[in-house]
Amino acid sequence: DFVGREAQTNRVAEIFADEHGHDTVVVSGPVGAGSTAFAVHIANLLAPSFPDGRILLPLNDADGNLKPTAQVLAELLGIIGLGGGGGRASSYALALWRSWVAERRLLLILDGATRESVVSDLLPGSSRNRVIVTSRHRLSGLSSVRRVELPPLAAAQSWELLGRIAGPGRLSADRRSTEQLIACCA
């Protein structure tokens with residue numbers, strides 16, 4: 001159901017194509033702008049560039065609360081097959097993550113960041129890897145990153161997206177309600 005965002009897609013692809021350029025992009029926008037969908041779209045487009053994989057790591061729990069860094073690290077270690085940390089100290093878990101990722105070329109998506117410190121802790125530190133951070137905020141405290149803003153979709157793109165989800169016939173049957181829904185959801 002992904003639509004639009006060609007300019008932003010091209011920008012991230014250009015940033016990541018430069019072997020000596022920036023390895024982290026912060027994608028920000030208002031709630032519902034589709035930053036997670038955008039990051040996954042980029043990950044799928046660039047999959048051949050990351051032979052060791054792509055990891056989507058939510059930084060929030062199901063209720064939207066920020067997970068503690070130790071929990072995020074444990075989940076990350078579990079994802080990569082190193083047992084989830086097993087109560088190890090955060091410094092050990094972090095060292096384990098960084099030594100594992102240093103040998104690989106992967107794309108890490110840190111989804112829903114609200115604090116720069118959590119993001120900084122999880123950055124791989126290897127120029128072979130790339131990171132997309134999604135956030136409602138610009139995370140201005142992060143240095144040496146590129147930022148990409150996702151504005152609300154244009155009206156035509158909103159129609160296209162909603163049509164893919166609900167079916168174009170349903171939209172055409174009640175244009176006024178469709179326009180109201182699109183206006184409410186930006």
Side-chain angles (χ1 to χ4, degrees), residues 2 5 8-29 34-62 64-150:
F2 189 83
R5 310 285 191 212
Q8 293 90 351
T9 299
N10 291 337
R11 174 141 166 73
V12 173
E14 288 171 8
I15 291 168
F16 284 170
D18 183 359
E19 286 294 321
H20 304 291
H22 291 81
D23 54 9
T24 302
V25 172
V26 175
V27 177
S28 60
S35 60
T36 302
F38 177 77
V40 170
H41 176 70
I42 293 291
N44 289 332
L45 284 177
L46 300 180
S49 298
F50 301 101
D52 295 313
R54 296 153 294 157
I55 298 172
L56 173 63
L57 186 64
L59 300 179
N60 300 293
D61 63 21
N65 300 313
L66 185 65
K67 296 175 190 173
T69 303
Q71 180 183 346
V72 173
L73 273 169
E75 289 176 13
L76 185 54
L77 291 177
I79 289 169
I80 63 174
L82 295 178
R88 298 176 180 142
S90 289
S91 59
Y92 179 78
L94 189 55
L96 192 58
W97 154 245
R98 288 202 174 132
S99 66
W100 181 89
V101 75
E103 303 289 323
R104 288 160 177 82
R105 181 155 174 79
L106 62 86
L107 175 63
L108 176 65
I109 300 171
L110 300 174
D111 189 36
T114 57
R115 290 193 327 238
E116 290 93 347
S117 61
V118 174
V119 172
S120 295
D121 286 345
L122 298 172
L123 293 177
S126 166
S127 63
R128 297 178 47 167
N129 300 292
R130 299 291 186 260
V131 179
I132 298 175
V133 181
T134 68
S135 181
R136 296 178 193 160
H137 315 285
R138 289 184 43 84
L139 301 177
S140 299
L142 291 175
S143 59
S144 299
V145 302
R146 291 285 186 231
R147 289 178 173 76
V148 174
E149 301 280 334
L150 294 183

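Within 6.0 Å of CZ in R136 there are 12 or fewer heavy atoms belonging to other residues, nucleotides or ligands.
Residues L56 and D111 are in side-chain contact: their nearest non-hydrogen atoms beyond the backbone lie under 4.5 Å apart. Between T9 and F38 there is a side-chain heavy-atom pair separated by less than 4.5 Å. Side-chain atoms of I80 and I55, non-hydrogen and from C-beta on, do get closer than 4.5 Å to each other. A 4.5 Å side-chain heavy-atom check between R54 and V40 finds every atom pair outside the cut-off. Contact check for N129 versus D23: no side-chain heavy atoms found under the 4.5 Å cut-off. At least one side-chain heavy atom of V131 sits less than 4.5 Å from a side-chain heavy atom of V133.
Of all non-hydrogen atoms in A39 and I109, the two that sit nearest each other are O-CD1, 3.6 Å. Residue L76 comes nearest to W97 through the heavy atom pair CD2-CD2, 3.4 Å, listed as atom of the first residue, atom of the second, then distance. Scanning all heavy atoms of the two residues, the minimum distance from A93 to L77 falls at CB-CD1, 3.7 Å.
Between the T134 side chain and the G112 main chain, a donor and an acceptor come within less than 3.5 Å of each other. Judged purely by atom type and a 3.5 angstrom limit, S135 uses its side chain to pair as donor or acceptor with the backbone of A113. D52 places no side-chain N or O within 3.5 Å of a backbone atom of R104 that could act as its donor or acceptor partner.
Qualifying side chain to side chain contact (heavy atoms under 4.5 Å, CB included) partners for E116, counting only residues two or more places apart in sequence or in other chains: L139, L142. Here R138 pairs with E149 under the salt bridge (Lys or Arg N to Asp or Glu O under 4.0 Å) rule; sequence neighbours left out.
Ring pair H41/F2 is parallel by interplanar angle, where below 30° counts as parallel and above 60° as perpendicular.
Within the structure, salt bridge (Lys or Arg N to Asp or Glu O under 4.0 Å) contacts touching residues 64-73 (residues at least two apart or in different chains) are K67-E75.
Here R11 contributes atom CZ and R5 contributes atom CZ; the two are 15.0 Å apart, rounded to the nearest 0.5 Å. Between the CD1 atom of I42 and the CG atom of N10 there is a distance of 8.5 Å, given to the nearest 0.5 Å. Distance CG/L66 to CD/Q71: 9.5 Å, rounded to 0.5 Å. Here the straight-line distance linking atom CG of L110 with atom CG of L123 works out to 7.0 Å at 0.5 Å rounding. To the nearest 0.5 Å, atoms CG (L73) and CG (L82) are separated by 11.5 Å.
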*Run the side-chain contact (heavy atoms from CB on, under 4.5 Å) check on L57 and L122 step by step: do they pass?*
CA-CA 10 Å; L57 186 64; L122 298 172; 4.2 Å; yes
_Let's go through R115 and T69 carefully: what are the C-alpha distance in whole Å and the side-chain angles of both, what is the deciding distance for side-chain contact (heavy atoms from CB on, under 4.5 Å) to 0.1 Å, and is it a yes or a no?_
CA-CA 11 Å; R115 290 193 327 238; T69 303; 4.2 Å; yes
*Stepwise side-chain contact (heavy atoms from CB on, under 4.5 Å) check, V25 with R130*: CA-CA 8 Å; V25 172; R130 299 291 186 260; over 6 Å; no
